[in-house]
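The figures that follow rest on heavy atoms only: side chains count, while hydrogens, waters and symmetry mates do not. In what follows, chains are A, B, ... by sequence order, proteins preceding strands, each numbered from 1.
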There are 2 protein chains.
Amino acid sequence: MARKRAETAVKERLTRERIVDCAITLAGTEGLEAVTIRRLAQDQGVTPMALYWHFKDKDRLFDGIAEKVLSDVTLPPESDDPWPEQLRVLLSELLAVLRAHPAVADLVKTRVLLSEPGLQLAERTLGVLRSAGFTAEQSAQLSGHALQTIVALVTQEPGLMVGEDPAAREEHIRLKRASLQALSPERYPLTVASADAFTDCGNEPAYFELGLDLFIEGVRGVQPGQSDQR
Amino acid sequence: MARKRAETAVKERLTRERIVDCAITLAGTEGLEAVTIRRLAQDQGVTPMALYWHFKDKDRLFDGIAEKVLSDVTLPPESDDPWPEQLRVLLSELLAVLRAHPAVADLVKTRVLLSEPGLQLAERTLGVLRSAGFTAEQSAQLSGHALQTIVALVTQEPGLMVGEDPAAREEHIRLKRASLQALSPERYPLTVASADAFTDCGNEPAYFELGLDLFIEGVRGVQPGQSDQR
DNA sequence: ACCTGAACACCGTTCAAGT
DNA sequence: ACCTGAACACCGTTCAAGT
């Protein structure tokens, strides 16, 4: 009981890591909108301006968040498996990591090329795509789509609501579903029939599997040297 | 010269349409961040609170923007073409509309099911997918991915910078490209080789074609009753 | 019906100053 | 090196009041 304690936790020195961790936790519990410089400072028991010694501005803090999340990605060893398998393994790993941090997945989307762990993931993804016969240009674009697909899968999952208690979540889903079901069945029969699926993804594994399959099959379909008649 | 004039244009009464149009224009010229209640009011020569008579809050204004943009989508007549063709036509139309409004495309992504024109597009898309043999659940998910893919194609186009003069844009691209090219060629050879493609999509038609193909081929690949061995 | 005035509770950020 | 105090220029939104 030496010195003074702050709030519930032992007061430690401010550091980039601590700020980033705090931001990730806060985003996870209350949503990314709750992550403000001032709120972060308050939770750390410090002045808002204290953060500016560690980060040039909020955008750099976001860079730090993305880097930290991407550092959770563990790349598999190089393999001789067919490229679709390798691609699936890479994307599944990224998917698993982002699923643990849906609130900040959108930050990652635009920041992969800005950090060491992101670059390693990108390099490996490009490797798989190049081995499938794509050019540097095509591989760049496809790797971007891959990232984009995984992030969308995580952030747009129907019924997902970060930083909302289960009761409010249920209510939100119920309301949205009701409004879809209230549509004219003559004009929007298919939309009404899909109301459940639009508001809550009933089966998570199937949802993510279809998303992954969709992308990988898409890559297969545009692969150079394929019979592409339609 | 009766009454008084404001700024450069003739002062007219405030209306939902005028506010939405103003917001879309502003987003296009200065970016979505520039679209604030206060700025909109200022441009219209009115108090910020005036807008609250027309829209409950900023989110409803965003709903209005999305609806207006989606109303530009002109649906093709029903056809007997094979479903991939029909899907391509629908997505190309949406793509063309969003390409004209990249700054607000992200707003559209989460609001298709909230307006008449969006619902009509969704219904048609679901129709095509259902005709391809997908269930209501699968079709809902795939239509979501379709939307998401088109929006991403428009908003993530490398080298696109909404609300930035060409000079600043060039400089921005140059800088980002240089930083990629400065990476270690031993550790990131493929990333360095793709630096150009990551920073500027050299060939727009090819970029959008590949994006569309990727999605449509993906749907083809996950279509029920296909030989799906990998 | 349509708009204003004043106020509230927030933001990110700068800059000079403290230890 | 690391943090604070005070201030600036913004936000969205509410509420009572005006015409």
So do the side chains of A:Leu61 and A:Leu40 get within less than 4.5 Å of each other, counting heavy atoms only?
yes
Give none if C:dT19 has no partner; otherwise give the nucleotide forming a Watson-Crick or G-U wobble pair with it, both distances under 3.5 Å.
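Pairing partner, where one exists within any strand: D:dA1.
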Counterpart base for D:dC11, defined by Watson-Crick or G-U wobble contacts under 3.5 Å
none
Strictly below 4.0 Å, N to O, side chains only: are [X] and [Y] in salt-bridge contact?
X: A:Arg39; Y: A:Asp43; result: yes
X: B:Arg60; Y: B:Asp57; result: no
X: B:Glu204; Y: B:Arg99; result: yes

For DNA chain D, whose closest nucleotide is more 5', that of A:Leu51 or that of A:Arg38?
A:Leu51
How far does CZ of A:Phe208 sit from CG of A:Asn203, to the nearest 0.5 angstrom?
10.5 Å
In this structure, CG of B:Leu114 is separated from CZ of B:Phe62 (nearest 0.5 Å) by 14.0 Å
Both A:Met49 and A:Ala34 contact DNA chain C. Taking the nearest nucleotide for each, which residue is further toward the 5' end?
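Whichever sits nearer the 5' end wins; that is A:Ala34.
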First-last contacting nucleotides on DNA chain C - partner chain A, under 4.0 angstrom, heavy atom:
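Result: C:dC11 to C:dT14.
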